[in-house]
Amino acid sequence: MVGVSWPGAKQRIAGTVEVRTRAAGDGRWSDWRTLELPDTPADLGRDGAGTGLRGATEPLWVGPSDGVEARVDGKRKLPASLRLDLVDPGVRAAPSGFGPVAYSAESASPSPSPTSVTGPRCLDGLSAPPATPASGPVPKPAIISRSQWGADESIVQCPTVYSPSVKAVVVHHEAGNNSYSCAQSAAMVRSIQAYHVKTQGWGDIGYNFVVDKCGQIFEGSKGGVGLPVKARHTLGFNPETVGVSLLGNMETAKPTKAALAAIARIAGWKLGLYGEDPNSTATLTAEFDNGRYTAGQQATVPRITSHQDLMATACPGANLHDRLTDLRALAASPTASASPASADTNRDGIDDLVAGMPTGASGGQIAVVPGNISGPAASGKKLISQSSSGVPGTGEPGDEFGAATAIGDVNGDGYADVVIGQPGEDDTSGHADRGAVTILNGPGLNSGSTYTTSGVTASGARLGSALAVADFDADGKADVFAAGTGAGGTWNTHLTGKPTQYGTLTTTGTPAYEDATSGDFNHDGYADVALNYRDTGGIGRVVWFKGGANGLTKVGVLSVKGGRSVAAGDVNGDGTDDLAIGQPYAAESGAYTGGQVATVYGTLGGGLTSTGATSVNQATSGVPGAAESGDAMGTSVAVGDYDGDGYADVLTGAPNEDITRDGVNRSNAGTALLLKGSSAGLTGTGALAVSQDTGGVPGSTESGDTLGSAVALADLSGYGRTDLVLGAAGEDAGDGVFLYVPANSSGLGLSSTTYNGKTLLGTIAGARLGGVLAP
């Protein structure tokens, strides 16, 4: 991290300050980048004079670098002794048990009094915290503590002081680099602390909380996350406010959905502890003159306000300031209580990948491959079966452990847990193929629990054929929805800490081709479920289950046909999740015998309706290839924003696509199609096709590879874009493989595609790796 500073916090620079850095490793110099100058002086300390404090630009995260140049174009005389400040965040080992620290009320002094602190750098406030409720209407979100992100407590210069209460939350942005991986976020927070203390002369990091684009929440100023710690974030208005800063420059980038949700959660929780409504207003009194308000002047602002509402500054950037109304609504809705979507089992800021392989003598296994700044890290993979230590049950042929997989934080500890379906599991009472669902707790994934069908016929229920994990009742912990293809189509909702819900889909026969997904289709703050299946008459169906305070309620069957796969995300960017349905065959897709993807759009308050539903296939303008009978486009679907434009895109597999190379036809070689979301919904414009004959992709197309047998879109490098994962279960005579294609700022990084197969991962022969993928 770099910045420029000068003596005298009250002095301002008029002009432009720029830096460029040389990357460690390849020696390339970056473009010149502008450092943001403060529009007003920094917080000047207890006497308002700023004695001993330095003026400074906002710091800029530049990543591992071994050279730097700076240039200053001053419109007026520059301050003497300008200094280039270089911050090395160091590498700090996290303590054991990395995860959120449980909140407990801290004892308050019976008679709080102003602290006695020598020196102008420290803030005035209460030396002991006032009495604070242990909980409020919004559950405490998972927060990465100071010890976990590696705060340097030895440099903290001032004692913690407190306000009497919390009246408002002030939103900031760090005005730094947007091109960071969330694996670097902890290092960035360490750098900000060092810059605030060693460069600017503050007593500690100035914000109460820091949030990154992946939705991670970091504890800021020390003193207790649940207490009214007075920090140094908004000159004149630090008392009775909480400062939350988003990493990145929101003048040039848009805040991610995950970041907005995280800010809403922390704001809803903190305001709720003090009985404040996020949609109301607060009256604050300025301590000092700050360029916009004079000492003693009152400002009436929304409870969730921004830096620029209280000072003459552009912070938190136009793109974040424009979302404040949305933030207030989120903080006041069940969304603030809901467990965030998570696929990060080891809590390093990067999604992890789960591959199910339900065949083999062991009864099936899964591979959990952690994400890394460079993509999936095969060296850190875990191969897990029912024969693994700590996993409930015993692995037996036909259990189909890994037939379905899902990820989410079921126990609410901040780590994503892995949920595995095993529809062929027999119970101990002699019920064959009753089915079961196993939940393995992150980060170790070596302990957990198993549950079976409840309230429906046990034998042949095949529970675990389809899974979805999300917070259906918005209580801060994810829940598990599981379905089975037997006994009339069973479904169970395993609500964390509450009674299990259950039911059947049909009155006769057994459904087939179940798949499930979760999204908030009516924007009410509760996660919903869409379950796809084929009924006994061969007709594809999709059932919508609506989330609510008491769990899921079966709404009914959509009029749009089901297919073989479903996935959810905000394709048209209206803030409500939409449903993508893969319809690979004529009975599902109608005239398009090569298959297609149908999109049903969610609506505010109304949910999923057939009105406005659209479909895209290989006959649609812009989609590569041709619609040919048997291609099976739609066998698999995934939804995510690969290019960061705010519209979720759809990745779909066509595993039976024939590909001709060198005059030879490779039947069922398979391909994957990436379809773009837009304000008008899913479109063929700009669609891309990826196969093993695409330049940069390792391997080559062969008959029976079935590339696209499963697909996933997940942020496996932490850069805020969803990367592509393409499964080819038929590769190498059924050993299987998955290909990782990174998404970068200019599109797909095809030349950086990696090949993950039996040799690299250590999976068994004939495992058909790449047939089941999550998230």
Side-chain angles (χ1 to χ4, degrees), residues 354-366 384-388 391-406 418-440 448-469 480-494 500-516 529 531-538 540-541 543 545 562 564-566 709-710 729 734 764 766-768 771-774:
V354 179
M357 295 161 283
T359 62
S362 66
Q365 69 175 184
I366 64 169
I384 301 171
S385 70
Q386 284 187 287
S387 300
S388 301
V391 178
T394 303
E396 301 162 325
D399 283 349
E400 300 174 68
F401 184 85
T405 57
V418 176
V419 183
I420 307 110
Q422 50 211 80
E425 180 84 5
D426 302 338
D427 70 13
T428 56
S429 301
H431 298 107
D433 294 341
R434 181 176 188 176
V437 175
T438 294
I439 303 170
L440 296 180
S449 59
T450 295
Y451 71 92
T452 59
T453 54
S454 176
V456 295
T457 303
S459 293
R462 294 187 59 78
L463 186 73
S465 298
L467 296 171
V469 176
V480 179
F481 174 90
T485 55
T490 62
W491 61 269
N492 275 238
T493 305
H494 187 69
T500 297
Q501 299 174 305
Y502 55 86
T504 57
L505 299 174
T506 64
T507 56
T508 60
T510 56
Y513 301 111
E514 286 185 332
D515 192 24
V529 165
L531 173 65
N532 173 89
Y533 68 95
R534 189 183 70 182
D535 67 17
T536 53
R541 308 288 187 187
V543 182
F545 295 83
R564 303 298 170 95
S565 58
V566 286
S709 48
I764 62 174
R768 297 190 64 79
V772 180
L773 297 171

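Any value given below was found using the heavy atoms of this structure, including those in side chains, with hydrogens, waters and symmetry copies removed.
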Could you tell me which non-hydrogen atom of [X] sits nearest to which non-hydrogen atom of [Y], and how far apart they are?
| X | Y | value |
| --- | --- | --- |
| Leu440 | Pro392 | CD2-CD, 4.2 Å |
| Ser709 | Ala729 | OG-N, 3.0 Å |
| Thr359 | Gly766 | OG1-O, 3.5 Å |
| Pro358 | Ala403 | CB-N, 3.6 Å |
| Ile764 | Gly360 | CD1-CA, 4.3 Å |
| Val437 | Gly464 | CG2-CA, 4.1 Å |

Any heavy-atom pair between the side chains of [Y] and [X] that's under 4.5 Å?
| X | Y | answer |
| --- | --- | --- |
| Glu425 | Phe401 | no |
| Phe545 | Thr493 | no |
| Val391 | Ile420 | no |
| Val543 | Trp491 | no |
| Thr485 | Tyr533 | no |
| Arg564 | Arg534 | yes |

With distance as the sole test, does [X] use its side chain to make a donor-acceptor pair with the main-chain N or O of [Y] at under 3.5 Å?
| X | Y | answer |
| --- | --- | --- |
| Ser388 | Ser385 | yes |
| Asp515 | Val566 | yes |
| Glu396 | Ser362 | no |
| Thr453 | Ala461 | no |

Checklist entry - Of Asp426, Asp427, Asp399, which meets salt bridge (Lys or Arg N to Asp or Glu O under 4.0 Å) against Arg434? => result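 Going through the options one by one, the only one that passes is Asp427.
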Next on the checklist: Quick check for you: to the nearest 0.5 Å, what is the distance between Asn492 atom CG and Tyr451 atom OH?
Outcome noted: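 One finds 6.0 Å between CG of Asn492 and OH of Tyr451.
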Item to check | Interatomic distance, Leu773 atom CG to Ile366 atom CD1 [nearest 0.5 angstrom] | outcome: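 These two atoms lie 12.0 Å from each other.
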Next on the checklist: Tell me whether the count of non-hydrogen atoms from other residues, nucleotides or ligands lying under 6.0 Å of OH in Tyr502 goes above 12.
Outcome noted: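 Counting neighbours around OH of Tyr502, 12 or fewer heavy atoms of other residues, nucleotides or ligands fall under 6.0 Å, so no.
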Item to check | Contacts of Glu400 that satisfy side chain to side chain donor-acceptor pair (under 3.5 Å) - sequence neighbours left out | outcome: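 Applying side chain to side chain donor-acceptor pair (under 3.5 Å) to Glu400 gives Arg462.
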Next on the checklist: Leu505 vs Arg541, test: side chain to side chain contact (heavy atoms under 4.5 Å, CB included). Steps then yes/no.
Outcome noted: CA-CA 10 Å; Leu505 299 174; Arg541 308 288 187 187; over 6 Å; no
Item to check | Among Thr490, Leu463, Thr500, the one residue meeting side chain to side chain contact (heavy atoms under 4.5 Å, CB included) with Ser454 | outcome: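 Exactly one pass, corresponding to Thr500.
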